There are 2 protein chains.
Amino acid sequence: MAGESKIEIVIAVIAVIFFILGVYLNKKSLHSEKPSDNEIDQSQIDAIGLSKREYEVLIQIHKGFSNKEIAEHLFLSESTIKTHVSNILVKLDAKRRTQAIQKAKALQILPS
Amino acid sequence: MAGESKIEIVIAVIAVIFFILGVYLNKKSLHSEKPSDNEIDQSQIDAIGLSKREYEVLIQIHKGFSNKEIAEHLFLSESTIKTHVSNILVKLDAKRRTQAIQKAKALQILPS
DNA sequence: AGCGTTTTGGTACTTTAGTATGAGTATTTG
DNA sequence: CAAATACTCATACTAAAGTACCAAAACGCT
């Protein structure tokens, strides 16, 4: 009786340990399987040659602001914003700001 | 010796079973935890009074197309698209199409 | 200090977006 | 069927976006 109980306890402990291990490892793998969504890929930003300022403007575009509003937010003139936007469009190979948003998302440089 | 082996095998089997159980249950719970994202809320579309056509145009806007391109895709005139876009902006309380995209996402009527 | 890139900004221009208004044609629904 | 709603399209306009070109100031790095 005493021996049997010991074995059962050992089995129970083993069961719990491996159950937790299973949950833990699974959670870890799921976490590393898809960092694809919502993560910003800095290497892509560098790859297409987007400057710091240009990226800031891109984020403002993404949020739906006009050139004038972006200028106010960043304390710049609208001319400067237009220059940045034009450069962003060239680097993202986009014809419009809405298309730039799409391409930026595809490149993981903007949150989806 | 023979008895000990049996016990070890039993423990090993128990361990494997509970390990798999842990992985399985964890995967199941993670799957049911967040189906929240990326789902389109039809009730919201109705709530703001977006018509079928208007919603189709909104999707095209979201994809980054110009009014002219949208007109071609839906076999309509650019004038018609402009009318739809204007109505969409009013219903979404947006000043620009980029802002409309943002608001539409917030309302879950466009995929994030 | 000097060089290259970035950032800033201007002018002038073209294109796209968006508004206002009106109106004819479906489509649906009481 | 009649009325309301949705869909279509046009004209004329204003506003915003985008392009092209130039140039000075600011940074970063060697």
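Note that the structure is predicted; figures quoted are calculated from it, not measured. These numbers come from the heavy atoms of this one structure, side chains and all, not from hydrogens, waters or symmetry mates. Convention: sequence-line order gives letters A, B, ...; per-chain numbering from 1.
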Which pairs pass side chain to side chain donor-acceptor pair (under 3.5 Å) with one or both residues in residues 49-59 of chain B, sequence neighbours excluded?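 As it turns out, the side chain to side chain donor-acceptor pair (under 3.5 Å) pairs with a partner in residues 49-59 of chain B, which skip direct neighbours, are B:S51-B:E54, B:R53-B:E56, B:E54-B:K91.
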Return the angle between end axes of the helix from C:dA1-D:dT30 to C:dG30-D:dC1, with five pairs used per end and rounding to 10°.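 So the angle between the two local helix axes works out to 60°.
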Between residues 82-106 of chain A and DNA chain D, which residues have a heavy-atom gap below 4.0 Å?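 Result for residues 82-106 of chain A: A:K82, A:V85, A:S86, A:L89, A:R96, A:R97, sorted by number.
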Tell me which residues in residues 45-72 of chain B lie within less than 4.0 Å of DNA chain D, going by non-hydrogen atoms.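 Residues of residues 45-72 of chain B that come under 4.0 Å of DNA chain D are, in numerical order, B:S51, B:K52, B:R53.
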Can you give me the first and the last nucleotide of DNA chain C (5' to 3') that has an atom within less than 4.0 angstrom of a non-hydrogen atom in chain A?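 That gives a stretch of C:dT7 to C:dA17.
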All side-chain contact (heavy atoms from CB on, under 4.5 Å) counterparts of B:A104, not counting sequence neighbours: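 Listed in chain order: B:L58, B:L92, B:I109, B:L110.
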Is B:T80 near enough to D:dC9 that one of its side-chain N or O atoms lies under 4.0 angstrom from OP1 or OP2?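 B:T80 to D:dC9 OP1/OP2: side-chain N or O found under 4.0 Å.
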Between D:dT19 atom P and A:E78 atom CD, what is the distance in whole Å?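 Atom-to-atom, A:E78 to D:dT19, this comes out as 14 Å.
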Side-chain donor-acceptor pairs under 3.5 Å in residues 59-66 of chain A, sequence neighbours left out?
unit_1, atom_1, unit_2, atom_2, d
A:Q60, OE1, A:H73, ND1, 2.7
A:S66, OG, A:E69, N, 3.2

Tell me which donor-acceptor pairs under 3.5 Å the side chains of residues 43-50 of chain B have, and how far apart each pair is, sequence neighbours excluded?
unit_1, atom_1, unit_2, atom_2, d
B:S43, OG, B:D41, OD1, 2.4
B:D46, OD1, B:Q42, NE2, 3.1

Taking ILVMFWY side chains as joined if any heavy atoms are under 4.5 angstrom apart, and letting links pass through other members, which residues group with A:F75?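 Answer for A:F75: none, a lone residue.
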If you link ILVMFWY side chains whenever their heavy atoms are less than 4.5 Å apart, which other residues fall into the same cluster as A:V90? By chain and number, please.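 Grouped by the 4.5 Å side-chain rule, A:V90 forms a cluster of one, so the answer is none.
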Name every donor-acceptor pair, under 3.5 Å, that has one atom in a side chain of residues 80-88 of chain A and the other anywhere in the protein, sequence neighbours excluded.
unit_1, atom_1, unit_2, atom_2, d
A:T80, OG1, A:S77, OG, 3.1
A:T83, OG1, A:S79, O, 3.1
A:N87, ND2, A:T83, O, 3.2

Joint hydrophobic cluster, A:I101 plus B:L107, side-chain heavy atoms closer than 4.5 Å: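 A:I101 and B:L107: separate clusters.
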All pairs passing salt bridge (charged side-chain N to carboxylate O under 4.0 Å, His left out) where residues 97-112 of chain A contributes a residue, at least two apart: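 Those involving residues 97-112 of chain A are A:D93-A:K103.
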